[in-house]
Amino acid sequence: MYASHFVHLQASSLLSNLLVFLLVVSPALLASIRSGRRRRFYVVAFTILLVFPFVLSSLNMLFPRPRIGTGFSGINFAFVGYLPHALADRIEADRPAPTRTARTFLPAVFFVGTAVIVLRMSAPLGVTPPTGDWLTAIGAGSVLAVGTCVRPVVRRPRPRTRSLVGTVPPLVPFGGALFVLVIVAGFPSSGYGGRVIINVFLHFLGYSLGYLVPYVAFRVLEAKFD
């Protein structure tokens, strides 16, 4: 259950996972260091590397289907899910605490990623009900959630919005673009990456847990006990 995530049956799969790991973890670590949240990053990385493999392996067995149990991609996508948190910390480090604009956008980023995933997965014309109905419902819900999350910020005075844009560190747009690109690459519309079958279910589990666990730990619980 643990070691399978570190086993690769092909050299190309190992190299691609190492490349994604370096691309995602490097900006997350750099953003955490620049925002003074290095210890938080280490706690998250420790949890993802030591705890998530057991959780992902267990959840991967939920549905009877052909499945892939080897490879580091699920762990990679857990770091992808955490990347917006590190970028939000970087933004908040340069802005007054009461504003919390990054916290407003943070849930929206998760639903943007979910909407991109649904768009990728529903691209083939062969998607039919009930799968098509589920994808449509999830996609519509994600778009609605994005609108609900960003509405308070959009309605704020324009000078404050311009001030936010002017103070965004260069690392943040780079990390945001990388976030979207990795999701697009990790959820091909056909379910295949070249000759390699991709376990998109495991990818989505890693992405969701990588976002939700830090969100509950550092956003919900910290706010509750502050």
Side-chain angles (χ1 to χ4, degrees), residues 15-38 40-41 44-45 48 72-95 99-123 138-139 142-143 145-151 153-154 161-190 193-194 198 200 202-212 214-215 218-219:
L15 292 176
S16 63
N17 277 331
L18 287 175
L19 177 61
V20 172
F21 179 81
L22 292 174
L23 285 175
V24 174
V25 172
S26 297
L29 176 59
L30 181 58
S32 299
I33 293 174
R34 296 294 299 274
S35 61
R37 299 286 190 176
R38 182 185 307 188
R40 174 177 293 186
F41 173 84
V44 172
I48 290 176
F72 199 71
S73 55
I75 302 299
N76 273 341
F77 271 89
F79 282 104
V80 173
Y82 176 69
L83 179 59
H85 291 275
L87 298 177
D89 288 338
R90 180 69 187 94
I91 294 175
E92 289 180 344
D94 291 344
R95 298 195 57 79
T99 306
R100 300 301 185 194
T101 305
R103 288 191 179 184
T104 304
F105 275 112
L106 193 54
V109 174
F110 173 77
F111 289 110
V112 167
T114 304
V116 172
I117 292 170
V118 171
L119 180 63
R120 295 284 292 167
M121 297 305 298
S122 60
I138 295 172
S142 299
V143 172
V146 171
T148 303
C149 293
V150 302
R151 183 179 179 184
V153 178
V154 174
T161 303
R162 290 177 178 175
S163 176
L164 171 66
V165 174
T167 58
V168 171
L171 182 63
V172 173
F174 171 79
L178 183 64
F179 173 79
V180 175
L181 288 175
V182 172
I183 288 180
V184 170
F187 293 88
S189 58
S190 63
I198 296 176
V200 294
L202 195 63
H203 286 190
F204 186 72
L205 286 176
Y207 167 70
S208 299
L209 291 174
Y211 172 85
L212 292 174
Y215 185 81
F218 301 129
R219 303 288 173 171

Does the side chain of Val182 come within less than 4.5 Å of Val20's, by heavy atoms? yes
For Ser32, what residues pass the side chain to side chain donor-acceptor pair (under 3.5 Å) criterion, not counting sequence neighbours? none
Who pairs with Leu23 by side chain to side chain contact (heavy atoms under 4.5 Å, CB included), at least two apart in sequence or on another chain? Leu19, Leu178
Just to verify, what does Leu29 make a side chain to side chain contact (heavy atoms under 4.5 Å, CB included) with, not counting sequence neighbours? Ile33, Phe41, Tyr42
Check whether the ring centres of Tyr82 and Phe218 lie less than 6.0 Å apart, and answer yes or no. no
Which is it for Phe179 and Leu87 under the side chain to side chain contact (heavy atoms under 4.5 Å, CB included) test, yes or no, and what are the steps along the way? CA-CA 11 Å; Phe179 173 79; Leu87 298 177; 5.8 Å; no
Would you name the heavy atoms of Gly175 and Leu83 that are closest together and state the gap between them? O-CD2, 3.6 Å
Quick one: pull up CZ in Phe204 and CG in Leu209 and give me the separation to the nearest 0.5 Å. 9.5 Å
Ala86 and Ala31: which non-hydrogen atoms are nearest, and at how many Å? O-CB, 3.6 Å
Identify the heavy atoms of Ser73 and His203 that sit nearest to each other, and give their distance. OG-NE2, 2.9 Å
Nearest heavy-atom approach of Val109 to Tyr207 is O-OH, 3.9 Å
Contacts of type ring-ring contact (aromatic ring centres under 6.0 Å, His included), residue Phe72, not counting sequence neighbours: Phe6, Phe21
Restricting to ring-ring contact (aromatic ring centres under 6.0 Å, His included), what partner residues turn up for Tyr211, sequence neighbours left out? His85, Phe110, Tyr215
Atom pair CD1/CD1 of Ile75 and Ile48 - distance to nearest 0.5 Å: 7.5 Å
Among all residues two or more places apart in sequence or in another chain, which pass the side chain to side chain contact (heavy atoms under 4.5 Å, CB included) test with Leu181? none
Can you list the steps and then say if Leu202 with Phe77 is a side chain to side chain contact (heavy atoms under 4.5 Å, CB included)? CA-CA 9 Å; Leu202 195 63; Phe77 271 89; over 6 Å; no
List for me each residue that meets ring-ring contact (aromatic ring centres under 6.0 Å, His included) alongside Phe174, sequence neighbours excluded, and say none if there are none. none
Residues which pass side chain to side chain contact (heavy atoms under 4.5 Å, CB included) with Leu30, listed by chain and number, not counting sequence neighbours: Arg34, Leu171
